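Read through the structure below, which is laid out as structure tokens, and then see the notes.
Order of the sequence lines sets the chain letters (A, B, ...), proteins ahead of strands, with each chain counted from 1. Everything numeric in this text was worked out from a predicted model, so none of it was measured. Values below: all heavy atoms of this structure, side chains included; hydrogens, waters and symmetry mates excluded.
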Amino acid sequence: MNARLEAPVFDLAIVGAGPAGMAAAVEAAARGLAAVVLDEQPAPGGQIWRNIEASGGRASLGGSYAKGAAHAAAFRAAVADYRPGTLVWHVETADHEPARLWLMQGERVGQLRARRVLIAPGATERPVPVPGWTLPGAMTVGALQTLLKGAEVVPSAPVVLAGNGPLLYLTAVQLAACGARIAAVLWTAPPGAWRGAVPHLPGFLASGTWRAGLGLMRDFRALGIRVVRDVAAIEITGDGRAEAVRYRTAGGASGEIATGLVALHEGVIPATNLARAIGCEHLWDEAQAAFRPRLGPWGQTSVEGVLIAGDGGGIAGADAAPLAGRLAVLGAAHALGRLTLPERDGLAAPLRRDLDRILRGRAFIDRLYPPRLARAALPDAVVVCRCEEVTAGAVRGAVASGAQGPNQIKAFLRCGMGPCQGRFCDPTVTRLIAEARGVPEAEVGQFRLRPPVKPVPLTAFAAAGEEVA
Amino acid sequence: MNTADVIVIGGGIHGCSTALHCRLRGLSVVVVEKDHVARHASGVNAGGVRRLNRHPAEIPLAMASAALWQRIEDLVHDDCGYRQTGQIRVAEGEPGLAAIAARRRLVEGLGYSHEQWIGPEELFELVPAISRHCLGALWTADDGHADPTRTTRAFARQAAALGAEFLTPCRAGMPRRAGGGWQVPTDRGTFSGAQVVNCAGAWGGAVAAALGEPVPIEPIAPMMLVTARMAPFVDPVVASFDRMISFKQSPNGSVVIGGGWRSRAEPDANRAHVEFGELHRLIGTTLDLFPVMRGARIVRSWAGIEGAMPDAIPVIGPSMTAPGVIHAFGFSAHGFQLGPIGGAIVADLVESGATSLPIEPFSIARFAGQAWREAS
């Protein structure tokens with residue numbers, strides 16, 4: 001007998017236990033859905049609330065971090081089947097059949113089935129490819145945060161932060177609170193950005209997020225850190241590792257700061273790898289300068305039975321994500337016949353009201369903190385794809401010799417075919433093709449992604465052979 | 001009205017090779033490709049350049065193609081990543097040994113000597129990384145592998161350099177008779193030509209059906225796995241007589257594993273899914289054959305859409321119902337090596353209606369029957 005048919009079937013599989021996934025699990029429990037939560041991390045919280053339980057919402061990491069503790073507690077109280085340390089590396093879908101989720105837990109491959117799959121993958125940092133960005137000692141602000149929150153590692157040498165956005169302020173404040181020294185912040189938001197943001201100010205004020213934002217900026221200013229404003233270009237230099245960062249402002253001023261640790265950040269973009277490997281349709285979001293999945297009002301993707309909530313569906317932040325997660329569950333509960341239409345809509349109304357209010361504030365943030373280094377002209381010599389060491393010049397050369405889209409670039413150059421599956425190069429490749437062809441990024445599209453979304457050891461299959469059979 | 005001597009439907013290796021060989025003979029050519037060159041089977045296959053273990057009817061063609069592979073750089077001005085590493089097909093047990101014995105009788109009976117028996121000692125010398133449970137193998141020393149996308153693109157590039165016109169992405173409609181020749185409607189207008197070549201791969205059956213000669217083609221989606229880069233440990237391409245596997249280490253160190261494991265092809269939606277349900281068996285075989293693979297990680301998998309015929313050999317030759325149309329499709333997942341000669345055969349047929357190679361076994365007439373009469 002074919003044991004494939006015996007894999008357990010859940011009503012709902014929630015992939016990710018960050019703000020959206022945790023809230024979705026709580027809602028699923030309230031609606032009586034047989035749900036399973038699969039998360040790659042060892043503990044709930046996602047990126048923003050990483051390690052929240054063990055750290056008890058450390059005061060040094062700020063109020064928005066502390067908020068996560070309550071979410072995590074509610075999640076623990078409600079969740080029936082939570083599997084931390086579980087990577088979902090592929091989801092097979094077919095119309096009118098439960099989806100099949102392929103997992104890796106420890107060193108074993110496993111699988112389960114679910115009538116609905118809610119992906120809550122969160123955000124990933126926008127790659128900021130600048131000359132020298134691949135040198136040891138150059139990292140993303142997110143990687144630095146992971147060290148702070150998880151390993152509680154505080155860098156001993158002075159750090160240079162470069163980029164813009166709320167997370168850069170937050171990281172500076174957190175670093176300082178942990179005792180790290182910050183040599184300088186190279187701030188890349190253009191001073192004129194506020195003009196584009198002003199029309200969206202009423203929405204921002206109504207959203208209420210300004211309170212936290214204002215507090216954060218006050219804390220940042222109080223640190224008295226050296227800030228170089230209107231930085232238009234940077235270069236990380238060093239012999240085999242980062243030793244200094246050079247910068248140039250739009251006004252023409254330039255300088256060099258000695259540092260062994262440069263953290264780059266120009267905002268976050270939806271983490272779309274799993275959704276794209278499944279085949280969900282994505283569209284270009286001009287305001288956020290990123291691709292995001294096309295979603296219905298209940299988080300529905302273009303693939304039947306697959307839903308997305310939280311920043312993975314479009315960047316809206318940790319206050320919006322739980323609401324989107326709960327709405328997706330209400331939609332799924334109705335689709336599965338567990339809620340009538342009026343019940344669903346009644347429960348959804350207050351959530352949607354709150355979500356809309358938060359979303360109205362987002363346009364202000366997006367315009368105030370536009371990516372700049374990540375959108376600046378890229379010298380030919382800069383490495384775009386770290387895994388296969390493909391440069392910007394090579395991508396341009398491939399376009400010149402006929403590659404029209406990212407998938408042909410892949411075939412020409414192996415760009416995006418390394419273990420990271422294009423996570424670090426994808427947006428840059430699309431942008432370079434768009435620039436070279438003189439067409440919008442929306443028209444260029446993205447890499448077609450192939451499972452597994454992260455490498456899987458062959459032995460993991462062998463170990464699970466009996467089960468998988 | 002756009003005109004050309006030859007209108008080729010499909011920009012895979014056979015369509016691009018046809019375009020090149022037609023241009024080499026001075027015929028004007030338009031290639032109509034709905035996606036981009038090498039989008040499907042020609043770009044996603046394992047790149048095997050193999051005569052070993054071919055269907056007897058294909059051996060003469062594979063031999064002639066091998067001669068073209070030897071001078072591939074002269075032909076397309078690119079080395080196509082072609083490496084003569086040899087191809088090996090091992091026996092892991094008694095059934096495998098029996099299969100080798102039968103195969104040797106067949107091939108030697110036909111007068112060929114390209115498939116050589118090697119015993120365990122020679123095998124372990126050629127492939128030190130292979131498991132010692134193997135009992136021997138058939139070996140074709142001057143087979144090898146090439147980069148499939150690069151090869152197909154090289155054919156397209158050289159054909160274009162000689163004046164072939166490539167319409168990509170551009171969908172072709174069904175050919176229709178016009179005067180003494182043919183018209184092919186496309187997204188970019190109607191093209192007329194004296195002859196039409198059907199190199200549409202998995203979609204080739206639709207063209208044949210539209211011409212009143214439907215064939216039992218099945219769209220298939222063979223799956224492949226590829227690992228992260230590893231230190232070089234194997235040169236030849238390795239297969240087995242006992243289990244479904246094809247195993248190759250690329251020049252960049254990644255290992256490509258296939259062997260005909262099929263998933264679901266959706267030719268209408270232009271996509272194929274990878275289904276891991278059965279692949280643990282392929283992975284088990286891999287670990288059995290190459291213990292070094294215990295340290296390997298899968299970084300990617302894919303499935304490409306190919307057309308398979310029930311007798312596993314392609315349709316090559318003139319249409320039976322539509323004079324001026326030539327078929328070359330349904331290569332059943334082993335058409336890559338035949339690419340260089342396939343285009344030359346079609347160009348022969350275009351030019352003179354005949355070719356010196358024995359293509360009778362590939363005639364579409366072998367599928368003539370009830371369905372044809374119903375269709376016409």
Inset, instruction - Please check if atom CZ in A:Phe424 has more than 12 non-hydrogen atoms from other residues, nucleotides or ligands closer than 6.0 Å. - result: no

Inset, instruction - Let me know if B:Asp147 has heavy atoms under 4.5 Å from chain A in its side chain, its backbone, both or neither. - result: neither

Inset, instruction - Heavy-atom distances under 4.5 Å only: say whether A:Thr93 touches chain B with side chain, backbone, both or neither. - result: backbone

Inset, instruction - Measure B:Arg271 against the heavy atoms of chain A and call it side chain, backbone, both or neither at under 4.5 Å. - result: neither

Inset, instruction - Mind ranking B:Arg39, B:His273, B:Met293 by heavy-atom pairs under 4.5 Å with chain A and telling me who comes out on top? - result: B:Arg39

Inset, instruction - Against chain B, work out which of A:Cys420, A:Ala411, A:Pro451 has the most heavy-atom pairs shorter than 4.5 Å and name it. - result: A:Pro451

Inset, instruction - Name the region of A:Gln408, side chain, backbone, both or neither, that has any atom closer than 4.5 Å to a heavy atom of chain B. - result: side chain

Inset, instruction - Please state whether the side chain, the backbone, both or neither of B:Ser301 comes within less than 4.5 Å of a heavy atom of chain A. - result: both

Inset, instruction - Apply the side chain to side chain contact (heavy atoms under 4.5 Å, CB included) test between A:Pro452 and each candidate in B:Leu225, B:Val274, B:Val299, B:Ile298; give the one that qualifies. - result: B:Ile298

Inset, instruction - Locate the shortest heavy-atom distance separating B:Glu275 from A:Glu92; write the atom from each residue and the value. - result: CA-OE2, 3.0 Å

Legend entry - Minimum heavy-atom distance A:Leu458-B:Thr227, with the two atoms named: CD1-CG2, 4.5 Å

Inset, instruction - For A:Glu389, look at atom CD and say whether over 12 heavy atoms of other residues, nucleotides or ligands are found less than 6.0 Å away. - result: no

Inset, instruction - Show the numbers, then the answer: is there a side chain to side chain contact (heavy atoms under 4.5 Å, CB included) between B:Arg229 and A:Glu388? - result: CA-CA 10 Å; B:Arg229 294 177 181 196; A:Glu388 298 288 332; 2.2 Å; yes

Legend entry - Within 6.0 angstrom of B:Arg188 CZ, more than 12 heavy atoms from elsewhere: yes

Inset, instruction - Please say whether more than 12 non-hydrogen atoms of neighbouring residues, nucleotides or ligands are located less than 6.0 Å from CZ in B:Arg294. - result: no

Legend entry - When B:Ser254, B:Pro148, B:Ala296 are compared by non-hydrogen pairs under 4.5 Å with chain A, the top option: B:Ala296

Inset, instruction - Pick one of side chain, backbone, both or neither for B:Arg300, based on which atoms fall under 4.5 Å of a heavy atom in chain A. - result: both

Legend entry - Geometric cation-pi criterion B:Arg153 and A:Phe412, 6.0 Å radius, 45° cone: yes

Inset, instruction - Check each atom of B:Thr286 against the heavy atoms of chain A and say whether the ones under 4.5 Å are side chain, backbone, both or neither. - result: side chain

Inset, instruction - Find the one option among B:Arg157, B:Arg281, B:Arg264 whose heavy-atom pairs under 4.5 Å with chain A are most numerous. - result: B:Arg264

Inset, instruction - Could you tell me how the ring of B:Phe276 sits relative to the ring of A:His90: parallel (under 30°), tilted (30 to 60°) or perpendicular (over 60°)? - result: perpendicular

